[in-house]
Amino acid sequence: MSKRGYISRYLLILKKLKAKPFCSYEELKSYIDNQVDYLQMRDDTLNIGFSKRTLQRDIREISNIFGIDIEYSKSEKGYFISQSETENMNFQRMIEAFDMFNSLNLAQDLTPFIHIEKRKPQGTENLYGLLHAIKNKFQIKFSYQKFWEDEISNRIVEPYALKEFKNRWYIITKDSKDNSIKSFALDRLTNLEITNKTFLYPGTYNIEQSYRYCFGIISPNDEEPQDIILSFDPFQGKYIKTLPLHDTQQILVDNDDELQIKLKLCVTQDLVMELLSFGDNMKVLKPDILITEIKTAHEKAYKQY
DNA sequence: GCGTTAGTGGCTGGTTGAAA
DNA sequence: TTTCAACCAGCCACTAACGC
C-alpha cells in the first residue's frame, strides 16, 4: 500500500470518530470501506485494508504521529477521541487540510471548476527550524525585508512563538537591538540561521495574554486596550455576525437600520486597515482617536480623485 | 529479476471490566 | 469469586512496493 493509503486511513478514522464518538470496530470498518470505495474509483493505487489488528496498530500510530489519543469505552462499547483533542485547533486544521488534499486530488478532472487563489508561498519551509529554536530557546538570525522598504535588514532575535493571521505565519520575537517585542512575516524572511546562543524566556511574559486585545499581529507593547464601538449597515452586519472581527465582539444593537458592535482592542495599524476595507458600510462611533484616524485616511483617499 | 523493507492479517495469550 | 466478552499486543507469514 502507498503511504498515502495508510495516512488516509488514519485520517478517516479520526474524521469518523470526531463526527460520531463511540464507534465500534464494525462501524469504523464500514465507514472506511465506503470511503475507500469512492477514493479508489479515482485512484486505484489506494488499496486500503482494514482488519481489527490494523485498527489496533493504527490507534498506536495515530498517537505516535499526530499525538491524538483514541481510547475504548467499555460502557459505550466504542472508540472515542479524548475530548480535549477534538477541541484542539491543530486537530481541526489537520482534518480540514486532509479534506482539501483529497478533494483536490479527486478533482483533477474537474480543474476548470476549481479556482485556487494564486499567492506567494507562506514561508512555511522555515516552520520546523523556528519551532526547534523556540523549543530549545536558541537565538535566530535572518534577513528581513519590510513591505514598505527596499532595503533588506539583518536581524538577531529571541523567538518566542509562531502566530497565524490572515493566512500568513509570523514569528513573535524579542529584538536584541531594542528589547521590544516584534513580529516578522515568514514569507519575507530569508537566510534563517539558528545560532547556538541560548536565551532566557522572560517568566512574566505571556504571549496569549499579550495579544489578547490585539486585532492582528502588531504587538501592542505598552498600549492599553480601548472600547471600540462600530456601526455597520444591515448587509455588512450579516457578515460581521457570522464572522466576528475578534473574540471580544459584543452586539449592542441589531435592527433593520444597523448592527452596532463593541470590541475591546488596542488601536493598531492592522485594525485601522481592516476597518478602512469596509468603506462606507461601517462607521466608527468610539473612540475619538480611531474616528480621527479613519476620517483622515478616507479624506486622503478622496483627495486623490 | 532478486533481495529488502514495510504494511497487513490472523492466531494466540494476557488483561480488564461487567455480569452472574 | 468466577465467568465471559472484548480489547490489546506480540509473533509469524504473506505480499506489494521499492531499490539495485
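So that the names make sense, note that chain A is the first sequence line, chain B the second, and so on, each numbered from 1. Just the heavy atoms: all of them, side chains too, but no hydrogens, waters or symmetry mates, feed the values below.
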Query - Where at least one partner belongs to residues 265-294 of chain A, residue pairs that pass salt bridge (Lys or Arg N to Asp or Glu O under 4.0 Å), sequence neighbours excluded - result: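 Salt bridge (Lys or Arg N to Asp or Glu O under 4.0 Å) check on residues 265-294 of chain A returns K166(A)-E274(A).
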Query raised in the report: With K141(A), which residues qualify under salt bridge (Lys or Arg N to Asp or Glu O under 4.0 Å), at least two apart?
Result: none
Report task. Among residues two or more places apart or on two chains, list those pairs meeting side chain to side chain donor-acceptor pair (under 3.5 Å) that have a residue in residues 226-239 of chain A. Result -> S231(A)-E258(A)
Report task. Kindly write out the residues that satisfy side chain to side chain donor-acceptor pair (under 3.5 Å) with K295(A), not counting sequence neighbours, or none if the list is empty. Result ->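 K295(A) satisfies side chain to side chain donor-acceptor pair (under 3.5 Å) with no residue once adjacent residues are dropped.
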Report task. With sequence neighbours excluded, tell me which residues meet side chain to side chain donor-acceptor pair (under 3.5 Å) with Q250(A). Result -> none
Report summary line: Reading nucleotides 6-15 of chain C from 5' to 3' and marking B where a protein heavy atom lies under 4.0 Å of the base, S where only the sugar-phosphate is that close, and - otherwise, the string is SSBBBB----
